[in-house]
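Contents: one structure, followed by commentary.
Below, chains carry the letters A, B, ... as their sequence lines are ordered, and counting in each starts from 1.
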Amino acid sequence: MKKGDHLFLVDGSGYIFRAYHALPPLTRKSDGLPVGAVAGFCNMLWKLLQSARDTDVGVTPTHFAVIFDHSSKTFRNDLYPEYKANRSEPPEDLIPQFGLIREATRAFDLPCIELPGFEADDLIATYARLATEAGGETTIVSSDKDLMQLVDGSVSMYDPMKDREIRVPEVVEKWGVPPEKMIDLQALTGDSVDNVPGVPGIGPKTAAQLLEEYGDLDTLLARASEIKQNKRRENLIEFADKARISRELVRLRTDAPVEFQIDTFELAPPDGPKLIGFLKAMEFSTLTRRVAEATGAEVAEIEAAAVEVETGEAAHGPDMGASTAAAPDAATPADDAGATPQKLADRIAEAAPAQTFDRTAYVCIRDLETLRAWIDDAYETGLLAFDTETTSLDPMQAELCGFSLATRPGRAAYVPLSHKSGSGDLLGGGVIEGQIAEKDALDAIRQVMADPSVLKIGQNLKYDWLLMYRLGVEIVSCDDTMLISYVLDAGTGSHGTVSHGMDALSERWLGHAPIPYKELTGSGRNQVTFDMVDLERATAYAAEDADVTLRLWQVLKPRLAAHGLTSVYERLERPLIPVICRMEHRGIEVDRQILSRLSGDFAQTAAGIEDEIYQLAGERFTIGSPKQLGEILFGRMGLPGGSKTKTGQWSTSAQVLEDLAAAGHELPRKIVDWRQVTKLKSTYTDALPGYINPETKRVHTSYAMASTTTGRLSSSEPNLQNIPVRTAEGRKIRTAFIAPAGAKLISADYSQIELRVLAHVADIPELKKAFADGLDIHAMTASEMFDVPVEGMPAEVRRRAKAINFGIIYGISAFGLANQLAIPREEASAYIKRYFERFPGIKDYMDDTKAQARANGYVETIFGRRAHYPEIRSSNPQLRAFNERAAINAPIQGSAADIIRRAMARMDEALLNAGLDDVRMLLQVHDELIFEAPEEKVEKAIPVICHVMENAALPARNLSVPLQVDARAADNWDEAH
DNA sequence: GTGGTCTCCTA
DNA sequence: GTAGGAGACCACA
């Protein structure tokens, strides 16, 4: 829970009574079970939760819990034995519904909170306080006056039956006193229902008037003798003690010893099937259908859940006989069938290609007045598609040429800022007259960019966000059509064919091919930067991009909700845009001298090996050419060739060369050594210095958020996710990644996160226990498989088990395992068989995952991210098997990726809250995060970092296996890792 | 110059 | 056996 979060607390017990009395009395399902209050409750919850997924309207809960009274006896009975003593038993047909409403809450996957000795109101008060302290806001879903004392700037109430919000003014209007005086008011008036005594003869009006005059109860009681009205004065004096007791009875406890952290109330994606199972059992047909449509679940495939009624037979009404009393909402006609999220989304998509593009309607904005008018229009529509045109693909180096805006489909403009006239040949002519100065333009858009009421829409917004960040413009409240497409369609098409680039999306969804960039700038040697493009063509191109982006958003955004993917997008994608931008912007310091020295060393080593190679080969040739090398080794020298590549060439892979070396051949050994050292030199020590930004003197990688099928990030230019670590030579490169003077690098990495995820999702008791006990997981596996005690286990035995564990994660095959372990395929097969016998749950998980992939075309991570594998249905057995393995791997790799994304999304704020805002997250390497911290902050930062990472799945998912993070600090990445 | 192939670096 | 990016070579334009 953090600033900006919004906690919804539903007063479950209060709701039951109100719903029971408000709804038609005899709502029963077909077997006679009374369910009227349950129906009302479910409808209300669904409606509230729907608003959670529709960020464009109303208040959006991020945390959600339903609170119940535990029993009738509470601490208040100790204060005043008569408290609530005259409560009658609840009506008979309401009794079974108490349990059902708790069941309903659980079916919604919502926390169901109660505590012995405390009323729901006390728990609500306590959680509201905790939320406020965390900087969040609270909405109490109730209209009970007893809760109004809690209302303040950050706590409000909502009456779901009247669809009315209750804030400070509403309390004052209704009771004549502000919320903080509600306790005193209730102490005076008492409550006949709850048997709170109060002072006789004083009702709400009088109480409000007295409090207005005397300020508070204590003052009033102390100065009661001044009151003019005889009876009132006497009663106040006589019943002063009763008033004080009443005050203690109505005062809500904000310090109840609550069991659950507020963070565990974080709203998770809906579990459609679970909820539908319950709703079906309740026979709530309309709501069942709505939920199915919103979550993309198939009602027919889900069985009604077995719902137990705590009170047993007595709870059921008399035999219903001929009564066919339908489910409570079955009477609702199915006339909304045409407006389901899916149908709506599909209808929008179907209509989109018919819309035309008119490039001549685009506007070139060349003065501030016009720009301001466009911004006003954005305020009107609440939408602003935005795109920048620059001189470089690298947002850390790019200079702004102009930007484009679109506020409605077809209404788009380009704002040129630094276009030059092309006519001045060599010198490129001069800057074109009549362009807004960059500073003025940025000043003009700064406010709207930071205004949460206007949604900024981009395509690959990370680029524009980072560029604008560099220019001092902050973007708040945004959507990214590339990320939306990625969440919807990761992996669709064959071999990652589907790109989430704008041109492809435009073709696919709008049936429109935008002007190709190259058409304006040319390509190759003649390519020019965008500021050299004439304004007319620049406007057509740039404004079209903004127009396309806006229309794509209109088509794609509704599809998120229609496919139940809103929370994936909003939890795992959108929040990461600023986080990753900041990481890229910070970059990491790389020591040029170290790399340069290493390059020299490597060059020398390579030259030495080259000479030896030529000696051994008896001729000079291009060692780096596999073709030439193959001819020498397997042709001229006649060495036994191993495998062949798919083009029929001899393979010269490291594996083949190692085998030859092991057989006593000298040359292959030298080739392997040469390759290693030249690889390190060319890919790392030579290339990295070229990526040092001349301005910042640091290396800024670029993370692709939408490039993998599983949800991982990828890193490029340079790829900092493949810096060597396995060999001593390679690790030297890591020593060049350093912290500045006075700072350290901190590396924090998850231990065995994928195996832990596997243990959780496949639900393997032995693995879960091993992780819970902190055992060596590979040794444990070996012990189980080979009946060898962990103590004194030969390293080879453990190594094999380790390879098998990894194999499982990768969707094991006998072929692959045999390759990995250099053992016969039959032996590998036997290992796998044995593994499945020892851990039958793994086999089940794999079979289930494959079946799911085949049935749906996709698999899901534990957070609901989808990875599509359409080719799993291929008739090509090899292709099919490949897709099966990928489908088995994706939920594991993807869930781990989701977890670290969640950690990243929270990290900056956690550090900030701990006073560690100068500890900065720099890099992500799949299961590792690298930070830079001032030396004196390291000790404090490490536990914060570990805590965020280890608890990243919570509260959305409570893993049945602990996550473990190891962190270390040092002067360079090699020592920190 | 562009694209395919091979190889090798990471988790 | 999963997921990536990149450099070198080489054939093609």
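Within a 6.0 Å radius of NZ in A/Lys670, other residues, nucleotides and ligands contribute 12 heavy atoms or fewer.
Not a single salt bridge (charged side-chain N to carboxylate O under 4.0 Å, His left out) links A/Asp503 to another residue, sequence neighbours left out. The side chain to side chain donor-acceptor pair (under 3.5 Å) search around A/Tyr569 returns A/Asp479, not counting sequence neighbours. Taking A/Glu666 as the reference, nothing meets the side chain to side chain donor-acceptor pair (under 3.5 Å) condition, with sequence neighbours excluded. Partners of A/Tyr845 according to the side chain to side chain donor-acceptor pair (under 3.5 Å) rule, which considers only residues two or more places apart in sequence or in another chain, do not exist here.
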Output a table of nitrogen or oxygen pairs between the protein and nucleotides 9-13 of chain C separated by less than 3.5 Å.
residue	atom	partner	partner atom	Å
C/dC10	OP1	A/Ser625	OG	2.7
C/dC10	OP1	A/Gln628	NE2	3.2

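Residue-level contact check: A/Ile809 touches neither bases nor backbone, having no heavy atom under 4.0 Å from any strand. Nucleic acid contact class of A/Ala803 (heavy atoms, under 4.0 Å, all strands): base. Note on A/Ser716: only backbone sugar-phosphate atoms sit closer than 4.0 angstrom, heavy atoms only; bases stay farther off. In this structure, A/Tyr684 reaches the sugar-phosphate backbone alone: every heavy-atom distance under 4.0 Å involves primed, P, OP1 or OP2 atoms, never a base.
Annotation: proximity of residues 923-930 of chain A to DNA chain B (heavy atom, distance under 4.0 Å) is found for A/Val925, A/His926, A/Asp927, numbered in ascending order. A heavy-atom distance below 4.0 Å to DNA chain C is reached by these residues of residues 721-736 of chain A, ordered by number: A/Asn722. For the segment residues 841-856 of chain A, no residue has any heavy atom less than 4.0 angstrom from an atom of DNA chain C. For the segment residues 645-658 of chain A, the set of residues with a heavy atom within less than 4.0 Å of an atom of DNA chain B comprises A/Thr645, A/Lys646, A/Thr647, A/Ser651, A/Thr652, A/Ser653, A/Ala654, in numerical order.
When the side-chain nitrogen and oxygen atoms of A/Arg885 are compared with OP1 and OP2 of C/dT2, one or more of them lie within a distance under 4.0 Å.
Between A/Phe806 atom CZ and C/dT2 atom C1' there is a gap of 11 Å when expressed in whole angstrom units. If you take CG of A/Leu758 and C1' of C/dT2, they are 13 Å apart, rounded to a whole angstrom. For A/Ile892 and C/dG1, the CD1 to C1' distance is 12 Å, given to the nearest whole Å. Rounded to whole Å, the distance from OH on A/Tyr703 to C1' on C/dG5 is 13 Å. Atom CD in A/Gln676 sits about 21 Å away from atom P in C/dA6, given to the nearest Å. Atom CZ in A/Phe602 sits roughly 15 Å away from atom P in C/dA8 (whole-Å rounding). Distance A/Gln878 CD to C/dG1 C1': 13 Å, rounded to the nearest Å. Atom CG of A/Asn889 is separated from atom C1' of C/dT2 by 4 Å (rounded to the nearest Å).
Nucleotides of DNA chain B that come within less than 4.0 Å of any heavy atom of chain A span, from the 5' end to the 3' end, B/dT5 to B/dA11.
Judged by distance alone, the side chains of A/Glu928 and A/His977 do bring a donor and an acceptor atom under 3.5 Å apart. If you check the side chains of A/Gln721 and A/Gln924, you find a donor sitting under 3.5 Å from an acceptor. With 3.5 Å as the limit, one finds a donor-acceptor pair spanning the side chains of A/Asn972 and A/Glu975. With hydrogens and angles left out, the side-chain atoms of A/Ser392 and A/Gln397 include no donor and acceptor closer than 3.5 Å.
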Please evaluate residues A/Tyr835 and A/Tyr831 with respect to the criterion ring pair (Phe, Tyr, Trp, His ring centres under 6.0 Å), reporting the C-alpha separation (whole Å), side-chain torsions for both, the decisive distance (0.1 Å), and the verdict.
CA-CA 6 Å; A/Tyr835 189 97; A/Tyr831 282 179; over 10 Å; no

Given A/Glu932 and A/Met921, is the side-chain contact (heavy atoms from CB on, under 4.5 Å) satisfied, shown in steps?
CA-CA 7 Å; A/Glu932 189 175 85; A/Met921 184 160 60; over 6 Å; no

Apply the test side-chain contact (heavy atoms from CB on, under 4.5 Å) to residues A/Thr701 and A/Ser716: give CA-CA distance (whole Å), side-chain angles for both, the deciding distance (0.1 Å), then the verdict.
CA-CA 6 Å; A/Thr701 184; A/Ser716 62; 5.7 Å; no

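Between the side chain of A/Arg698 and the backbone N or O of A/Arg586 there is at least one donor-acceptor pair closer than 3.5 Å. Formation of a donor-acceptor pair under 3.5 Å by the A/Ser596 side chain with backbone atoms of A/Arg592 is not found in this model.
Between A/Tyr517 and A/Phe530, the ring planes are parallel. Angles under 30° get that label, and only those over 60° would be called perpendicular.
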For residues 808-817 of chain A, which side-chain donor-acceptor pairs fall under 3.5 Å, sequence neighbours excluded?
residue	atom	partner	partner atom	Å
A/Ser813	OG	A/Gly816	N	2.9

Only distances under 3.5 Å count here; give the side-chain donor-acceptor pairs of residues 728-736 of chain A to other protein atoms, sequence neighbours excluded, each with its distance to 0.1 Å.
residue	atom	partner	partner atom	Å
A/Glu729	OE2	A/Lys732	NZ	2.9
A/Arg731	NH1	A/Val725	O	2.9
A/Arg734	NE	A/Pro724	O	2.8
A/Arg734	NH2	A/Ile723	O	2.9
A/Thr735	OG1	A/Lys732	O	2.5

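Checked against C/dG1, C/dG5, C/dA3, the side chain of A/Phe815 finds its nearest nucleotide in C/dG1. For A/Ser707, whose side chain is taken as the heavy atoms from C-beta onward, the closest listed nucleotide among C/dG5, C/dA6, C/dA3 is C/dG5. The side chain of A/Ala886 approaches C/dA3 more closely than any other nucleotide in the set C/dG5, C/dG1, C/dA3.
The CG atom of A/Leu720 sits 5.0 Å away from the CZ atom of A/Phe737 when rounded to the nearest 0.5 Å.
Residues A/Leu713 and A/His926 share a closest heavy-atom pair of O-CE1, 3.5 Å.
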